[in-house]
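Notes for the one structure printed next.
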Amino acid sequence: MKQNNMLAMILAGGRGSRLHELTNKVAKPAVSYGGKYRIVDFPLSNCANSGIDVVGVLTQYESILLNSYVAAGRRWGLDAKDSGVYVLPPRETADSNLDVYRGTADAISQNIDFIDTYSPEYILILSGDHIYKMNYDKMLRAHKENNADATIAVIPVPIKEASRFGIMNTDEDGRIVEFEEKPEHPKSNLASMGIYIFNRKLLRRMLVADMKDPDSSHDFGKDIIPNLLNDGKSLYAYKFEGYWKDVGTIDSLWEANMDLLDSNNELDLSDPTWKIYTEDVTTLPHYVGPDANIKRAFITQGCRIEGEVKNSVLFTGVKVGVGAKVIDSVLMPGAEVEEGAVVTRALVADGVKIGKDAVAGDAKSEHIELIAKRVKGVE
Amino acid sequence: MAKAFGIVSFAGNHVRVDGLRAYRPAGAFSFLGRYRIIDFPISNMSNSNIDHVQVYMRRQPRSLTEHLGSGRHYNINSKRGKLHLLFTENSLGQDMYNTDIAAYLTNMECIENVHQPYVVIAPSYMIYTEDYSALLDTHIESGADITLLYHSVDNAKEYFLNCNTVNLNKQKGVLNLETNHGSAKNKNISMETYVMKKELFMELVKKAKKISSMYTLADIISRSCEELDVRGVSHKGFFAAASDFKSYYDANISLIDFKTASGLFHDDWPIYTRTNDSCPTQYFESSEVKNSVVSNGCLIKGSLENSVLGRGCVISEGATVKNCVILSDVAIGKDVHVENLVIDRNAKISHAKEVIAEPERPGYIKRGDVL
């Protein structure tokens, strides 16, 4: 199928250091979410579902797993003849030394040759660490209708929290008149989602100029967008309504998982018209034992549940032993809760074992406990 | 790459799973929620480094071709390997003539063109795991003409009816194959899995046709036992055949027991299937699930016991499901009680508040039916 003339670039280089041990070995976009997914599945599936054929993924921090993960473009159906997912880590070139990506805009600048080989009409810039479902083709349509030079997706946030975001002030038609990064006294509640559509030729000019500017931090929010506004370009806000989450902390990652337990959750992963695609694992369906007790849970294949699971999300291959209890918790792939152990209000990292009769987490804790190391059983 | 190519044969006329068979061939039967039966022989081949697999079909190819596709999900290399779908062109509706031999003859050219000197043949309706590369080694070392796999069972009176039994001498030489009429408990059941040289296979196919138009591969092998060195190798682990409705139902139910399942599934022997990209299953506050196997994409508000649940099913509030094998996208409505059933794809039960069959004679709800 001939698709829209838009190429997507996903910025996936960030570490997400407030996720602590979870991102010791993998970049934030590769962190597991929602039972069977990784965060980067969301922008990639959105691309596939929006009719985008070619996706570049810009990786940097701890990228081995992420690189091999996204390279298998068939997972998202991005493997047709003219389609592909391309991993773009920093590289050494004839006229420059190996350099890290110094900012979001620099990451794109350093891969301008990649974009040139496809010379699409439009460039879509995405972040690899947000959880949401969005039709980028609709956004492109709005971009075209407005005859915009650039379009920025925004989401309404509570005005109290607006000072944590990059805020777009717009006129009645949605044209952006001002951009304020984390304003003390926000004039609007429209926060930038870090999703941009640019006309390629304009973006190319802006990036080339930005590279030459010694004072630039080479960032879309801090440099490129303000420069476009200063130049009097027409920038439009595209209002997104729906579930959107930037999971920066253990608490928010836990919360985003817990959101799935709500029967009317906005993310709705079961929508057959907008599936989120992911790695195809070869495990059994999940097994529920004779003494199991499961209430309010989100459970995927490969799990084996012999004990009690309440208000929790269980990822691929999780085991819950006889008499064990898992309450208000998120258990990442391969986590094991042995016989009689109790896990409460915790996020158990990939492959971590909670030994026999051990107790982990605390029902009254203010923050969610991240359990990243084996908890020894009671002898 | 193995020295053998694979053939997945279709279920012969002795296989008859009432209900399900109206819509698809046995290989395409849903199994244990997320699989199709044919995933087992193809995964066995793929895991045994056999990357050229011929799948024969004789009727209703739609669901099977859709499921198999290019074969990429079976880990078969798309350039070096091949998952070859082959059809019989004998579509006169005369099942008697529609034998495996007829299918091989129709496609003889494709068999001749294969480079591998050996062939491993496995049926599409039997469920077991086996390392065919080890079996091939055994075959070559023994110098036998044909090696066949059998399983010693103690339930041949109720199961594997009309399948073949293997009569062996003390040295595991095969004397002949004989139909199981359910006359005794203990029998060696032929797993319809054979290893031989490709040349011999082709010779036997041609010979069978000359003897009788209704001859099957099993018939000609049985008849050749005197002149050829045919040996049996005993299979260990889980073994079931979807040879009739009850056997299909029981094979599913028996695998709810994790220990039994451990005899079929091994960590180093993945069973591949086509992904459906469904999200995990959601359990609600009112759910009550015990002793069951549950696939992804389900919404569970009611109670489920001793059952297998396919992908994308909905068990509504107050519903009770007991001893059922439920295929994908089935909806069990509010306060509905179902017991001892196989419920085919897309069926919706909401008006009939109680559908209960006898445990010894499980019932069948048609595909897409509304009750």
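This is a predicted model, so every value here is computed, not measured. Naming: A, B, ... by sequence-line order, numbering from 1 per chain.
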Identify which part of [X] has an atom lying under 4.5 Å from any heavy atom of chain B, answering side chain, backbone, both or neither.
{"X": "A:D262", "value": "backbone"}
{"X": "A:F315", "value": "neither"}
{"X": "A:L314", "value": "neither"}
{"X": "A:K36", "value": "both"}
{"X": "A:V281", "value": "backbone"}
{"X": "A:T283", "value": "backbone"}

Look at [options] and state which one has the largest set of heavy-atom pairs under 4.5 Å with chain A.
{"options": "B:G312, B:G33, B:S286, B:S278", "result": "B:S278"}
{"options": "B:C279, B:S295, B:P270", "result": "B:C279"}
{"options": "B:L32, B:T275, B:V294, B:I271", "result": "B:V294"}

B:Y132 meets the side chain to side chain donor-acceptor pair (under 3.5 Å) criterion, sequence neighbours left out, with B:Y128
Hits for side chain to side chain donor-acceptor pair (under 3.5 Å) against B:E285, two or more places apart or cross-chain, chain-then-number order -> none
Counting only heavy atoms closer than 4.5 Å, note whether [X] contacts chain A via side chain, backbone, both or neither.
{"X": "B:L255", "value": "both"}
{"X": "B:I300", "value": "neither"}
{"X": "B:R72", "value": "side chain"}
{"X": "B:S43", "value": "neither"}
{"X": "B:N75", "value": "neither"}
{"X": "B:F284", "value": "both"}
{"X": "B:T281", "value": "both"}

task: Output the option from A:R304, A:K275, A:K295, A:H286 having the highest count of non-hydrogen pairs under 4.5 Å with chain B.
output: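 Heavy-atom pairs under 4.5 Å are most numerous for A:H286.
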* To do: Among the options A:V288, A:L261, A:T282, pick out the one with the most heavy-atom pairs lying under 4.5 Å from chain B.
  =>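 Among the listed options, the one with the most contacts to chain B is A:V288.
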Discussion item. Check this for me: A:R374, atom CZ, are more than 12 non-hydrogen atoms of other residues, nucleotides or ligands nearer than 6.0 Å?
Written reply: yes
| said: Please determine whether the number of non-hydrogen atoms from other residues, nucleotides or ligands lying under 6.0 Å from atom NZ of A:K356 exceeds 12. | reply: no
Assess the side chains of A:R296 and A:N311: does a donor N or O sit below 3.5 Å from an acceptor N or O?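 Checked: A:R296/A:N311 side chains pair up, N/O donor to acceptor below 3.5 Å.
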Under a 3.5 Å cutoff, is there a donor and acceptor pairing between the side chains of B:Y74 and B:D39?
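Per modelled atom types, B:Y74 and B:D39 side chains form a pair under 3.5 Å.
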Item to check | Trace of the side chain to side chain contact (heavy atoms under 4.5 Å, CB included) decision for B:M45 with B:V8 | outcome: CA-CA 9 Å; B:M45 287 177 182; B:V8 179; 4.0 Å; yes
Indicate yes or no: does [X] engage [Y] in a salt bridge with an N to O separation below 4.0 Å.
{"X": "B:R345", "Y": "B:D329", "value": "yes"}
{"X": "A:E338", "Y": "A:K319", "value": "no"}
{"X": "A:D246", "Y": "A:K28", "value": "yes"}

- Any chance the rings of A:F42 and A:Y33 have centres within less than 6.0 Å?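 Under 6.0 Å, so yes.
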